[in-house]
Participant: 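My questions will all concern the structure given below.
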Amino acid sequence: MTKMPRWADIALIPLINLALALLVAGIVLLFIGQNPVEALQIMVRGAVGSTYGWGYTLFYATNFIFTGLAVAVAFHAKLFNIGGEGQAQLGSLGVALVCLAVPWPHWLLALPAAIVGGAVFGAAWAFIPAYLQAKRGSHIVITTIMFNFIASSLLVYLLVSTLKAPGMAPESARFPEGAWLPSARELFASIGIEFSRAPLNVSFLVALLACWMVWLLLWRTRLGYEIRALGHSEPAARYAGISPPRIVIIAMLISGALAGLMAVNAVMGEQERLLQDNVLGAGFVGIAVALMGRSHPVGVLLAAILFGALYQGGAELEFETSVPRQMIIVIQALVILFTGALDNMVREPVTGLFLRYGKRKPAPGTPAE
């Protein structure tokens, strides 16, 4: 029997889901008296029509790459890590503490230390839910949701007490200049290319490196094989000598570390200080990114860029038209809905078409029809 080819699973179904989401969004725009074609043109132009648009699109995409990879690694172990938001917040604390602890002379020295700080704090925040799941059977979804709220409250407490800089705002002191990451504008200017002022910075390259390293981990290492084996079948993994509790904890530690790395872009790359709200929902968007990207690093990268374009294009649409901000959120939510919750609505018919019309290989010794 013919199976659906890999390219259809990775590319065709997400594209159909995206087209359906945009179609429904267009109908909603018509109902509120807006021209959907014009709105789409504004979004596309605002997201990728200039270096300014690309700068913001890739800046948002950098956040979503980290959180999408975090969810993807957990998915491969059959774990639903919904705590990326809290793990990214604790990662921001780790990055801030590293940047404030030393008068860094240059960002090349500060960046590796900040990466370690964000990863360690994010992994530490994922450890307790992982341990409770592996050793006590607590549901990972419940515990990670709870830890999101705890992380938010902890960060608020620290910013109004221990880490608060002089002034009214609940924020830390600004990082030393040696801990500021160069923006894309500065990097391109060094080689004589003009780039608009946007928050895109070198952490985008760190995100690309993370994609490659996650691919190596999952498909080129023994640990990655064990993670995927557990995700496919826990009884088979046990029979092969794999310890499910050990893999659950390791997979969640890696997932938390990746979510914590988001802070390098948001805190070190853009804000240059620790603020109360620096994640802005990227931990939850990472779930949709991982689903749309089929938990593959390349798919996560492409889906993250798409959601980055939706964020930036939506901001331009709100600025240039009378479309309310709530409508922008509806468009983003429709993409998440169709690529996530309603995925089987498209997958099953497409799979049926391939099964019905795909070429069948004749059995050995049987003449081809």
Participant: Would you say that more than 12 heavy atoms from the other residues, nucleotides or ligands in this model lie under 6.0 Å from the CE of M345, or not?
Facilitator: yes
Participant: Membership question, hydrophobic clusters at under 4.5 Å side-chain separation (ILVMFWY): are F127 and L155 in the same one?
Facilitator: yes
Participant: Has the side chain of H76 got a donor or acceptor atom that lies under 3.5 Å from a matching backbone atom of S295?
Facilitator: yes
Participant: Is there a donor-acceptor contact under 3.5 Å from the side chain of T67 to the main chain of N63?
Facilitator: yes
Participant: Quick one: does V71's side chain get under 4.5 Å of S255's, heavy atoms only?
Facilitator: no
Participant: Sub-3.5 Å donor-acceptor pair from the side chain of W180 to the main-chain atoms of G269, do we have one?
Facilitator: no
Participant: Would you compute the distance between atom CG of N265 and atom CZ of F204 and round it to the nearest 0.5 angstrom?
Facilitator: 10.0 Å
Participant: Looking at every non-hydrogen atom in both residues, tell me the closest pair between P245 and K135 and how far apart they are.
Facilitator: CB-NZ, 4.2 Å
Participant: Is I82 close to I287 at the side-chain level, that is, under 4.5 Å between some pair of heavy atoms?
Facilitator: yes
Participant: Tell me the closest heavy-atom pair linking M268 and V264, and the distance in Å.
Facilitator: CB-O, 3.2 Å
Participant: Got F80 and F75 here, is their nearest side-chain heavy-atom distance under 4.5 Å?
Facilitator: yes
Participant: Is R246 salt-bridged to E226, cutoff N-O under 4.0 Å?
Facilitator: yes
Participant: Side chain to side chain contact (heavy atoms under 4.5 Å, CB included) for L154 and Q89? Distances and angles first, verdict last.
Facilitator: CA-CA 9 Å; L154 176 61; Q89 286 182 318; over 6 Å; no
Participant: Connecting only ILVMFWY residues whose side-chain heavy atoms lie within less than 4.5 Å of each other, what is the rest of I142's hydrophobic cluster?
Facilitator: M146
Participant: Is there side-chain contact between S153 and Y157, with heavy atoms separated by less than 4.5 Å?
Facilitator: no
Participant: The test is side chain to side chain contact (heavy atoms under 4.5 Å, CB included); show your working for F121 and V95 and say whether it passes.
Facilitator: CA-CA 9 Å; F121 273 65; V95 169; over 6 Å; no
Participant: When rounded to the nearest 0.5 angstrom, what distance separates CD1 in I27 from CG in L22?
Facilitator: 11.5 Å
Participant: Is N201 reaching over with its side chain to a backbone N or O of P182, donor-acceptor style, under 3.5 angstrom?
Facilitator: no
Participant: Looking at every non-hydrogen atom in both residues, tell me the closest pair between M262 and A282 and how far apart they are.
Facilitator: SD-CB, 3.6 Å
Participant: Decide whether I191 and F195 are clustered together by the hydrophobic rule: side chain heavy atoms of Ile, Leu, Val, Met, Phe, Trp, Tyr closer than 4.5 Å, transitively.
Facilitator: yes
Participant: Atom CG in L310, atom CG in L334: separation rounded to 0.5 Å?
Facilitator: 10.5 Å
Participant: Evaluate side chain to side chain contact (heavy atoms under 4.5 Å, CB included) for L69 paired with C211, printing each intermediate quantity in order.
Facilitator: CA-CA 7 Å; L69 289 174; C211 287; 4.0 Å; yes
Participant: Side-chain heavy atoms nearer than 4.5 Å, only ILVMFWY residues, links allowed to pass through others: does that put L209 and L181 together?
Facilitator: yes
Participant: Within this structure, what is the OG1-OH distance for the pair T57 and Y311, rounded to the nearest 0.5 Å?
Facilitator: 12.5 Å
Participant: How close do F307 and M292 get, counting heavy atoms only, and between which atoms?
Facilitator: CE1-SD, 4.0 Å
Participant: Verify side chain to side chain contact (heavy atoms under 4.5 Å, CB included) between N35 and L29, making sure each step is shown before the conclusion.
Facilitator: CA-CA 7 Å; N35 185 333; L29 286 170; over 6 Å; no
Participant: Do T51 and F188 make a side-chain contact, defined as non-hydrogen atoms from C-beta onward lying under 4.5 Å apart?
Facilitator: no
Participant: Using the rule that two of Ile, Leu, Val, Met, Phe, Trp, Tyr join whenever any of their side-chain heavy atoms come within less than 4.5 Å, decide whether L216 and I115 are in one cluster.
Facilitator: yes
Participant: Counting only N and O atoms by type, is there a donor-acceptor contact under 3.5 Å from the side chain of R238 to the main-chain atoms of A236?
Facilitator: no
Participant: Short question: side chain of R228, backbone of L218 - any donor-acceptor pair under 3.5 Å?
Facilitator: yes
Participant: What distance separates T321 OG1 from E38 CD, expressed to the nearest 0.5 Å?
Facilitator: 8.0 Å
Participant: Applying side-chain contact (heavy atoms from CB on, under 4.5 Å) between Q133 and each of I140, I128, V141, report the one that passes.
Facilitator: I140
Participant: Looking at side-chain heavy atoms only, is the closest gap between Y56 and P199 below 4.5 Å?
Facilitator: yes
Participant: Give a yes or no on whether the backbone of F147 and the side-chain of W125 come within a donor-acceptor separation of less than 3.5 Å.
Facilitator: yes
Participant: I want to check something: taking the side chain as every heavy atom from C-beta on, are K164 and S172 in contact at a cut-off of under 4.5 Å?
Facilitator: no
Participant: Is R45 salt-bridged to E320, going by a charged N under 4.0 Å from an acidic O?
Facilitator: yes
Participant: Please give me the minimum heavy-atom distance between A130 and M252, naming the atom from each residue.
Facilitator: CB-CB, 3.4 Å
Participant: Hey, does W215 have a side-chain heavy atom less than 4.5 Å from the side chain of H296?
Facilitator: yes
Participant: When rounded to the nearest 0.5 angstrom, what is the spacing between CZ in R220 and CE in M213?
Facilitator: 15.0 Å
Participant: We want to know whether N81 and Q87 form a side-chain donor-acceptor pair, criterion being a heavy-atom distance below 3.5 angstrom.
Facilitator: yes
Participant: If only atom types and distance count, is the side chain of W54 paired as donor or acceptor with the main-chain N or O of V48 below 3.5 Å?
Facilitator: yes
Participant: Please check if the number of heavy atoms outside W219 that lie under 6.0 Å from its CH2 is greater than 12.
Facilitator: yes
Participant: Linking I/L/V/M/F/W/Y whenever their side-chain heavy atoms sit closer than 4.5 Å, directly or via other members, would I254 and L208 fall into one cluster?
Facilitator: yes
Participant: Between T143 (side chain) and H139 (backbone), is there a donor-acceptor pair under 3.5 Å?
Facilitator: yes
Participant: E171 side chain to L274 main-chain N or O, any donor-acceptor pair under 3.5 Å?
Facilitator: no
Participant: Do you know which two heavy atoms are closest between G283 and V279, and how far apart they sit?
Facilitator: N-CG1, 3.9 Å
